[in-house]
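These figures come from a predicted structure and were not determined experimentally. Residue numbers begin at 1 in each chain, while the letters A, B, ... track the order of the sequences. Values reported hereafter were calculated over all heavy atoms of this structure, with side chains retained and with hydrogens, waters and symmetry mates removed.
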Amino acid sequence: MAKVTVNDRTIEVPNGTSAMDAIFHAGYDVPLFCAERYLSPVGACRMCLVKTGAPRKGPDGSFILDENGQPKIFWAPKLAASCVTAVTDGMAIDTLSDEVKHAQSGMVELTLFNHPLDCPTCDKGGACELQDRSYEYGLVEKFYQPGELELPLYTRYEMTRRHVDKHHTLSEFITLDRERCIHCKRCIRYFEEVPGDKVLDFIERGVHTFINTEEIEGHQTTLPSNFSGNITDICPVGALLDRTARFRGRNWEYDSVATTSMDDASGSGIIADTRSGFLERIRAQERREVNEAWISDAARFGHDWVNEGRVTRPLVRRDGRLVEVTWEEAQAAIKAGLAGVPQTRIGIYLPGGATLEEGLAAVELAQTLGTPHRDFQGRTETPATAFLAASFDELLDAQFVLVLGDPSEETPIVHLRLSELTRGLKPASKLSHGTPIADLNIKENVPRDRSKLALFSPYPAQLAKWAGASGTHRPGQEAALLAALLGQGEAPAGLEEALEWARKRLAESQKSVLILGANVLNAPEAATKAKQLAEKTGAKVLCLTPAANARGLEALGLYPAKGGAAWTEAGPQAVYYGYAPTEEQLKSAQFRILHLTHRNALTDRYADVILPNQTPYEKRGQTVNLEGRVLPLEPVSIDNGEADGAVAALAVLAEAIGVKPPVRLVRQATKLLAEKWKLPALMGRWNIKPASFQPSVSSPQPSTPVYLRPTMWRREQLTGAVAKVVRVALEASPEVARAHGLIDGATVELETPAGREKVTVKLVQGLPSGAMYLPALGPWVGRSLEARILVGGEA
Amino acid sequence: MSQGPIVSGKDPRFVPTLYAQVGKPGSWTLDYYLSHGGYEAIKKAIAMGQDAVIEEVKKSGLRGRGGAGFPTGLKWSFMPKNTGKQHYIACNADESEPGSFKDRYLMEDDPHQLIEGMMIAGLAIQATKGYLYIRGEYRRAYDRMMGAVKEARERGYLGKNLFGSGFEFEIYIHRGAGAYICGEETALMNSLEGLRANPRQKPPFPAQAGLWGKPTTINNVESLCSAVHIIQRGADWFASMGTEKSKGHKLFQVSGPFKRPGVYELPLGTTFRELLYDCAGGPTEPIQALIPGGSSCPPLPWNDETLDTPMDYESLVAKGSLLGTGGVIGIPASMSMVDAMWNVTRFYGHESCGKCTPCREGVSGWMVNLFEKIGTGQGQPGDVEILENMLDQIEGRSFCALADAACWPVRGSLKHWRHQFVDAVEHGKAVERAGSRWG
Amino acid sequence: MGFFDDKQDWLAETFAQYPERRAALMPMLRRVQQDEGWVSPERQEEIGQILGLTATEVAGVMSFYSYYQALPTGKYHLQVCATLSCAIGGADELWDELVNELQILRGDVTDDGLFSIQKVECLGSCHTAPVIQVNDEPYVECVTKARLQALLEGLRQGKKLEEIQLPGKVGHVVHNRGDEVQA
């Protein structure tokens with residue numbers, strides 16, 4: 001620890017802390033633009049100049065004392081950028097003197113004079129770091145007031161400002177205003193350091209420096225990264241803006257709610273900004289244990305669907321047509337429809353993003369009814385709870401991580417944590433102001449340590465770039481791979497060396513983590529071997545489950561009892577679905593209650609009752625992420641009519657059946673979870689005892705499988721800008737395509753769990769032969785379909 | 001004359017060494033180099049051992065000749081020992097400071113001297129690899145250095161187990177591509193690694209984590225060449241020249257309207273008068289200002305006081321300027337100081353890397369614009385005060401010394417020739433072309 | 001065909017100079033610049049692919065250095081030093097003469113494809129001001145009107161730079177003992 005005096009306060013901070021963090025820790029403020037949490041400090045903006053001094057030792061080895069007998073402080077001749085200055089024991093920092101104020105106000109002036117004064121039309125206005133710091137640190141009257149009775153000068157710069165591209169479209173999601181850019185380099189450092197996608201860089205030099213990305217054909221640019229949106233959060237000015245939220249509102253008009261993203265199993269913290277009942281923007285919420293300050297593009301930009309085409313009132317089928325009714329009338333219709341249906345033949349199915357409260361209501365009701373038909377959408381064949389979960393901190397601490405799958409798409413935050421692992425970062429220390437803003441442990445351009453990572457996936461995955469050994473395999477070969485890692489069998493051809501390296505690294509590492517994708521969890525034989533491997537090596541496991549709350553819902557017992565139909569199967573006589581199931585499932589039931597946010601052709605054709613559902617953004621409750629961490633959901637004020645969650649809908653259902661609803665209110669469920677289920681407090685990790693599981697028999701591999709490969713996007717998000725970016729294509733290697741008579745660019749129709757789909761054929765070099773690939777866009781990820789290509793199209 | 005320290009080129013005891021071979025036919029070949037005792041210093045250094053070499057250089061008082069004047073031996077002693085890591089010596093041959101051109105001829109005409117200097121440094125810091133970062137425009141210097149390295153390699157003066165001593169050394173040449181900032185040592189390292197040449201944060205200092213994160217020392221061409229002669233002739237010989245704190249000799253460069261502009265090797269402490277009159281033959285037209293050590297040094301007025309100032313680090317600081325690289329530029333009276341400073345400012349503005357705010361917005365943006373305003377006759381009352389005030393805001397607050405280097409000459413000019421600036425502003429007079437006598 | 005396809009030996013030799021491949025970026029850019037007169041987007045892409053860098057990274061480095069050209073240049077790219085000592089020596093007038101003579105500005109190429117011009121910063125030949133550098137060749141020093149004319153004429157005739165006879169005095173390096181040496 002180092003003792004540091006900031007102005008009049010003396011504090012202790014860990015050695016190596018930056019002077020900037022020491023100042024904040026002491027409760028003083030210092031202006032900054034280029035420093036940012038989780039990024040390397042670079043000392044570029046020079047806003048944080050402070051005066052520093054240190055005691056000195058005399059020739060006798062003791063401190064030179066001042067007239068008061070205290071160690072005399074020798075002040076440095078030049079001001080220092082506090083973000084890149086490490087504290088030393090006995091250091092003194094001055095942030096209040098005229099010298100410091102003069103430097104800071106000068107830097108504000110320099111920063112401002114090429115910055116346009118278009119705050120009234122800038123989306124950042126009101127939440128702009130440059131605005132705030134200009135008010136607080138610029139224009140110190142002492143230096144800018146020419147005379148006692150004269151007005152202070154607002155700027156001494158009376159020349160034309162730099163005029164450059166103001167509306168530069170970086171991608172469908174992000175727009176760049178080059179005039180507003182103050183060259184803090186946060187965005188460039190972010191891309192290099194955090195996701196490792198070097199898609200943005202400074203071009204030119206000096207005053208002509210600007211940021212740019214690669215132009216593709218037709219002067220179009222994209223930012224090929226799953227994490228591009230984070231730069232809009234960290235841009236200190238309005239240079240990088242979220243196009244999906246552009247001009248939707250002023251910052252002070254938004255109603256902002258901090259909640260949890262249910263887009264994947266990471267449990268990322270988000271801030272949802274709404275205005276007049278519309279969800280307009282999503283930003284990252286800092287949750288240092290989980291997503292730090294970053295979210296995936298799917299979690300950020302995929303929100304427009306929430307505002308469009310919602311089911312706002314219950315509907316019942318009368319004379320073959322769906323008509324809007326009240327909840328009471330819907331309940332009466334349910335009561336009538338369920339008459340004569342045995343309670344044990346009613347199925348209850350929740351979406352994968354259901355809260356623990358909803359899961360509890362479903363489990364309790366199913367038990368009351370005695371029905372084995374209960375499940376949640378996206379549950380994997382092997383439960384995630386079969387494995388002892390690792391935490392993200394444990395992941396950073398691991399000596400070796402073996403990945404089977406594609407974290408960048410399945411649970412994108414894991415990609416970012418693996419980025420930290422390969423950069424050798426440890427969890428940041430905690431100071432009184434939270435995460436260090438200028439963490440000197442983080443460096444620019446750190447070479448990645450490849451000895452910590454091995455990755456195997458059914459197609460070339462992004463993270464292979466940081467893996468010491470990696471390989472692609474045919475979907476379905478996971479068990480063979482794991483057998484080789486266990487020393488139980490031959491390695492698949494071509495992967496011998498890579499697997500041998502991974503096996504050795506696993507054996508020699510004390511602390512290792514396995515990361516299992518949906519392809520492993522859905523292949524029972526592979527999952528069994530993965531469990532053996534975990535037990536043998538003592539490795540903890542992160543399961544990349546398709547369902548956001550898989551661990552939580554599994555722990556509550558929301559899976560079929562003996563004889564019950566799984567979410568992938570048809571079976572029950574009457575069903576409650578919290579989502580739109582497959583046509584086969586709808587067709588086979590006699591009475592269908594669909595609790596939906598959106599209708600589609602299938603639901604309109606088959607539903608007997610449709611209840612308006614909440615999106616995860618509108619729910620209050622709790623969820624459990626892939627680490628087993630309990631996280632909160634807070635309702636965002638989105639206009640959804642009479643929509644209500646599954647707790648209420650299941651209570652309506654129970655009453656219609658004629659049983660007392662075991663859970664009627666969310667709050668009641670929350671209480672039950674704490675008392676009966678001993679659920680830890682928020683942010684705590686739920687110690688779920690690894691479930692024993694009976695491996696079900698693997699279903700035979702289709703002869704020509706279409707592998708439903710993971711993508712971070714979900715089907716319902718494909719609207720607006722997202723629809724322009726996410727291209728759904730049937731991908732195949734040229735050999736496979738030739739074998740099936742498929743031509744690049746042809747349109748074919750496929751039978752998928754979501755119904756018949758028209759997709760374009762895309763030939764991709766380097767894909768394993770023996771399978772075709774289709775983005776899963778939802779819960780069926782990691783499974784293979786039999787390729788039933790219905791109509792061959794022409795190019 | 002023959003008593004006390006040597007502070008004049010006219011002193012009979014003064015022996016030119018660095019440039020002794022420059023201009024001689026075939027001076028760049030290995031045979032020529034060997035014919036006058038080449039590669040004897042490195043053999044001697046190997047026999048002395050690493051610590052003794054550092055001690056000798058420390059004792060000589062040699063200070064970095066790249067402009068900053070940091071003691072070379074001290075720099076070498078900062079290098080960690082026996083780390084088991086690869087150490088590097090990088091030679092800064094990105095000579096880009098306007099007014100400086102001494103290293104060019106050292107490389108063109110005496111490349112083996114530099115190779116030997118790099119070897120001695122390599123021995124002193126346990127580096128087996130040396131990178132010569134040569135400015136991209138120096139084509140002839142590059143060709144000669146390449147030829148010399150090849151020749152040395154072929155004939156066993158570079159490589160493994162040199163002279164049977166077990167000492168190993170290899171040199172690679174990396175060409176710059178037109179960026180003054182690469183003369184800043186950490187920017188040079190970034191440039192060598194294939195990055196944008198932004199300066200790096202210090203600490204970590206290059207001696208801790210330099211090229212590719214490994215311990216590295218960066219020295220100027222002239223410093224390394226001086227080390228050869230220090231080892232060969234001894235620290236006492238070197239220290240017999242110069243003043244108390246500025247030891248040895250140095251290459252001074254003269255440009256501007258003089259009879260014989262060029263490079264002159266003189267002891268530190270020699271006066272400007274000797275350099276400019278005895279060596280360079282005196283001015284060809286009236287001179288008003290003297291930039292003493294490359295364009296970043298504040299100009300001094302052309303008068304007897306300046307001309308009698310000894311050229312050493314301390315005397316020039318006392319006069320409010322700097323010795324820098326020893327590149328003396330004479331600014332003729334026919335050229336407005338506003339014009340001269342406009343030119344210098346434009347240079348620094350063009351060369352600013354754009355990393356930090358004061359340099360990017362201040363030097364590259366505001367100062368250049370303001371000079372353009374004043375220089376084209378659009379200046380307004382108060383502009384000179386703004387310029388002065390701006391210098392306060394930029395100087396000492398930037399990331400590296402480039403912004404300081406841009407401020408110093410302007411500040412110096414405002415000190416001695418303020419009236420010219422005020423005149424330009426008040427009369428709205430555009431500056432006149434300086435080189436109208438070109439033809 | 002890729003530019004480096006037939007230069008594998010040169011590439012291997014360049015890579016061998018550095019512990020990391022990325023350091024070969026500047027030598028590779030220079031190689032393209034020397035051979036083709038500019039570094040086209042296709043070449044930038046190719047270099048990126050060889051080194052495992054994004055095209056953005058290559059462009060970021062390339063645009064930082066003033067030697068690499070993002071636009072095609074003439075067969076003879078004339079670079080005129082414009083910094084202080086050369087300005088004192090008449091670099092501005094020299095530049096005007098060039099513009100007049102060739103009727104082009106920065107970024108243009110003469111119709112015959114021979115010349116393009118660029119003002120550059122200090123070339124490190126202040127004592128022989130003003131100075132012109134043609135492509136990557138050794139400097140043309142002490143450029144007077146007559147020498148400039150002779151230079152352009154020689155280049156137009158397709159002569160090699162070292163074969164062109166330039167009239168007048170060449171600059172010199174002067175030794176302190178008074179012996180003048182021709183540079």
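The closest donor-acceptor contact from the side chain of Thr54(C) to the backbone of Lys198(A) lies under 3.5 Å.
Within a 6.0 Å sphere centred on CG of Asp111(C), other residues, nucleotides and ligands contribute 12 heavy atoms or fewer. At most 12 non-hydrogen atoms from other residues, nucleotides or ligands lie less than 6.0 angstrom from NE2 of His208(A). Other residues, nucleotides and ligands place no more than 12 heavy atoms under 6.0 Å from the CD atom of Glu497(A). Lys7(C) NZ: more than 12 foreign heavy atoms inside a 6.0 Å radius. More than 12 heavy atoms of other shown residues, nucleotides or ligands fall within 6.0 angstrom of atom CG in Asp35(C). Other residues, nucleotides and ligands place no more than 12 heavy atoms under 6.0 Å from the NZ atom of Lys145(C).
The two residues Arg205(A) and Tyr65(C) make their nearest non-hydrogen contact at NH1-CA, 4.1 Å. For Ala55(C) against Glu214(A), the heavy-atom pair with the smallest separation is CB-CD, 3.4 Å. The two residues Thr56(C) and Asn212(A) have their closest heavy-atom pair at CG2-O, 3.2 Å.
Residue contact with chain C, scored on non-hydrogen atoms closer than 4.5 Å, involves the backbone of Leu200(A) exclusively. Contacts of Glu45(C) with chain A are made by side-chain atoms alone, with heavy-atom separations under 4.5 Å and no backbone atom involved.
Note that CD of Glu57(C) is 8.0 Å distant from CD of Glu192(A), once rounded to the nearest 0.5 Å.
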